[in-house]
2 protein chains.
Amino acid sequence: MESKLSKAEKTRQFIIETTADIFNTKGYAGTSMSDITDATRLTKGSIYGNFENKEDVALAVFDHNHARVRKVIQQRMQQAVTYHEKLMVYVQVYDHFTRLNYFPRGGCPILNTSVEADDTNSLLKERAAKAVLEWKKNIQALIQEGIAAKEFKYDVDDSRIALSLIALIEGGIMIAKVTDSQANLNQVMKTAELLIKMIRV
Amino acid sequence: MESKLSKAEKTRQFIIETTADIFNTKGYAGTSMSDITDATRLTKGSIYGNFENKEDVALAVFDHNHARVRKVIQQRMQQAVTYHEKLMVYVQVYDHFTRLNYFPRGGCPILNTSVEADDTNSLLKERAAKAVLEWKKNIQALIQEGIAAKEFKYDVDDSRIALSLIALIEGGIMIAKVTDSQANLNQVMKTAELLIKMIRV
DNA sequence: CATAAAATATACCAATCGGTATATTTTATG
DNA sequence: CATAAAATATACCGATTGGTATATTTTATG
């Protein structure tokens, strides 16, 4: 019988899922192979049978964590009708950043990976950079469609708005996590809301 | 003769200065004692004679890097006349973030330390949190003085503006560093400028 | 310039690091 | 149910980790 996932594929997925939070809290340098074997209750042989090395696990984990966050956003965005509402999904999601458990423990994987890897690990950096630029592109597309639908002003600087929204979110998360205050993120999200309001016709 | 600094104090300062960039690029977990001895050409005995442990070095290095950034801002702010100009110092400084070498290699120490330490090191986290809240307080004070001087609207939400400015800057730095694009930070700083313009009477 | 104290270097520690070669077990297939 | 292949476990590697006890050197002082 063809099982959907081979044993190894299942193990691989299991390793990724059980170490997802570890990498996202302790970081790449801070996570050891023994952290991985302890958490999975597997041995090194099993880990190295499914991954090339620690970096390879970290890369797969980043993709997994990133996909998880994306999924939450996309899901909510489908419910939204207007483009204004669609953009506001970001504000709403990060307004409940702490409470909701959509997010992997340790916060935003893009932020964590970007900040750790930008000077130390080119492969992880590349993934994080791609994630940021893809995110930017998605927001720009929403704005452009909103313009076409006469919802947003025709001369909106979509690139600037997209980058600023991302910066507010990621910077807001940084502040909220280090000060242990979701309220601080909420205040930043109010400015994000203002930014979105300002581009409406 | 009373020398200003004792030998040990000079060595301590030397260790802090020569490892400042290392900690800020590789992070706390990523920096090893041998990184420190290699860079300083000192031995472990000398390092441990002046610091309790690695964490103790990292804490001193954070204070040093943070003070360095603060100094640049304060210096420029003294030249500014109006409160609008004072707030714009942030925009101007981070508009040249990459070019200028005020900043320690590795980017913003507050961002780096916050993101790494918020789930792993309570002492470093505490320092970073203090730095953020002090920064926030300073911006709020500028806004309040600007209000008193009839330069800013009387009903400005100073807390929200302060947090949003910080978020834009730190989020913008994250984006710029991971995408290797100062231009991305400049676009975010344009929004910061807009934010500052909006509170004027 | 002798001497005590302070600062630095040397030599070492057990533990852990990431990684690998090989043995064992589990799985799929005829 | 035998067998080959795939997956996992065992046992090990040298290097490096953060840290310390002690020896040596440098500094300040009477």
Side-chain angles (χ1 to χ4, degrees), chain A residues 1-20 22-62 113 116-117 120-125, chain B residues 1-20 22-62 113 116-117 120-125:
Chain A
M1 299 297 100
E2 69 274 0
S3 66
K4 313 219 162 192
L5 260 52
S6 76
K7 188 88 200 303
E9 277 165 341
K10 265 193 265 187
T11 305
R12 195 183 148 87
Q13 202 54 32
F14 171 72
I15 294 168
I16 291 170
E17 278 163 22
T18 34
T19 60
I22 300 177
F23 273 105
N24 204 48
T25 49
K26 304 178 101 177
Y28 174 65
T31 301
S32 67
M33 287 308 300
S34 59
D35 285 334
I36 298 176
T37 54
D38 286 357
T40 57
R41 306 295 296 162
L42 292 170
T43 57
K44 278 198 186 180
S46 181
I47 308 291
Y48 279 94
N50 291 285
F51 295 91
E52 268 191 25
N53 47 35
K54 190 178 98 168
E55 188 182 38
D56 196 24
V57 184
L59 289 167
V61 163
F62 173 77
T113 305
E116 178 177 11
T120 54
N121 187 304
S122 56
L123 289 183
L124 277 170
K125 176 185 177 182
Chain B
M1 298 296 101
E2 70 275 359
S3 67
K4 314 218 161 193
L5 261 51
S6 76
K7 187 88 199 303
E9 276 164 343
K10 264 193 264 186
T11 303
R12 196 184 148 88
Q13 202 55 32
F14 171 73
I15 294 168
I16 291 171
E17 277 162 22
T18 38
T19 60
I22 299 177
F23 274 104
N24 204 47
T25 49
K26 305 178 99 176
Y28 174 65
T31 300
S32 68
M33 287 308 300
S34 59
D35 285 334
I36 298 175
T37 53
D38 286 357
T40 56
R41 307 294 296 162
L42 291 170
T43 57
K44 279 197 188 181
S46 181
I47 308 291
Y48 279 94
N50 291 286
F51 295 92
E52 269 192 25
N53 47 35
K54 190 177 97 165
E55 188 181 38
D56 195 24
V57 184
L59 289 167
V61 163
F62 173 79
T113 306
E116 178 178 10
T120 55
N121 188 304
S122 56
L123 288 184
L124 277 169
K125 176 184 177 183

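Chain A is the first sequence line, chain B the second, and so forth, proteins listed ahead of strands; every chain is numbered from 1.
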TODO: Grab the stems for DNA chain D, please: at least three consecutive Watson-Crick or wobble pairs, both distances below 3.5 Å, written as range with range.
DONE: C:1-30 with D:1-30
- [ ] Specify the separation, in whole Å, of atom NZ of A:Lys10 and atom C1' of C:dA28.
- [x] 13 Å
- [ ] Give me the one residue out of A:Leu42, A:Thr40, A:Ile16 that meets side-chain contact (heavy atoms from CB on, under 4.5 Å) with A:Thr11.
- [x] A:Leu42
Task: Between C:dG18 (C1') and A:Ile36 (CD1): distance, integer Å - done: 10 Å
Open item on the list: Any non-hydrogen side-chain atom of B:Ile36 less than 4.5 Å from a side-chain atom of B:Phe23?
Closed with: yes
TODO: Give the rounded distance in Å between these two atoms: CZ of A:Phe51 and C1' of D:dA7.
DONE: 14 Å
- [ ] For the pair A:Lys54 (side chain) and A:Tyr28 (backbone), establish whether a donor and an acceptor sit closer than 3.5 Å, ignoring hydrogens and angles.
- [x] yes
TODO: Mind calculating the distance between CD1 (A:Ile47) and P (C:dC17) to the nearest angstrom?
DONE: 14 Å
Task: Criterion side-chain hydrogen bond (donor to acceptor under 3.5 Å, both in side chains) against A:Lys26, the qualifying member of A:Thr31, A:Thr19, A:Asp35 - done: A:Asp35
Open item on the list: Test your reading of the model: is there a side-chain donor-acceptor pair from B:Glu116 to the backbone of B:Ala29, 3.5 Å cut-off?
Closed with: yes
Task: Distance in angstrom units between A:Lys26 NZ and C:dT16 C1', rounded - done: 13 Å
Open item on the list: So B:Gln13 and B:Glu17, do their side chains get closer than 4.5 Å, heavy atoms only?
Closed with: yes
Open item on the list: Using whole Å, what does the distance between atom P of nucleotide C:dT8 and atom CZ of B:Phe14 come to?
Closed with: 11 Å
Task: Residues which pass side-chain hydrogen bond (donor to acceptor under 3.5 Å, both in side chains) with A:Asp56, listed by chain and number, not counting sequence neighbours - done: none
Open item on the list: Between A:Leu124 and A:Leu59, is there a side-chain heavy-atom distance shorter than 4.5 Å?
Closed with: yes
- [ ] Specify the separation, in whole Å, of atom CZ of B:Arg12 and atom C1' of C:dT8.
- [x] 16 Å
TODO: Return the value, rounded to whole Å, for the distance between atom CG of B:Asp38 and atom C1' of C:dA9.
DONE: 15 Å
Protein-nucleic acid N or O pairs under 3.5 Å, nucleotides 15-18 of chain D:
from	atom 1	to	atom 2	distance (Å)
D:dT17	OP1	B:Ser32	OG	3.1
D:dT17	OP2	B:Ser34	OG	2.7
D:dG18	OP1	B:Thr31	O	3.4
D:dG18	OP1	B:Lys54	NZ	3.0
D:dG18	OP2	B:Met33	N	2.7
D:dG18	N7	B:Lys44	NZ	2.8
D:dG18	O6	B:Lys44	NZ	3.4

Open item on the list: Is any side-chain heavy atom of B:Ile47 closer than 4.5 Å to one of B:Ile15?
Closed with: yes
- [ ] Classify the nucleic acid contact of B:Leu42 as base, sugar-phosphate or nothing, counting any heavy atom under 4.0 Å across all strands shown.
- [x] sugar-phosphate
Open item on the list: Check the phosphate of C:dT8 against B:Asn50, side-chain N and O only, distance under 4.0 Å to OP1 or OP2. Yes or no?
Closed with: yes
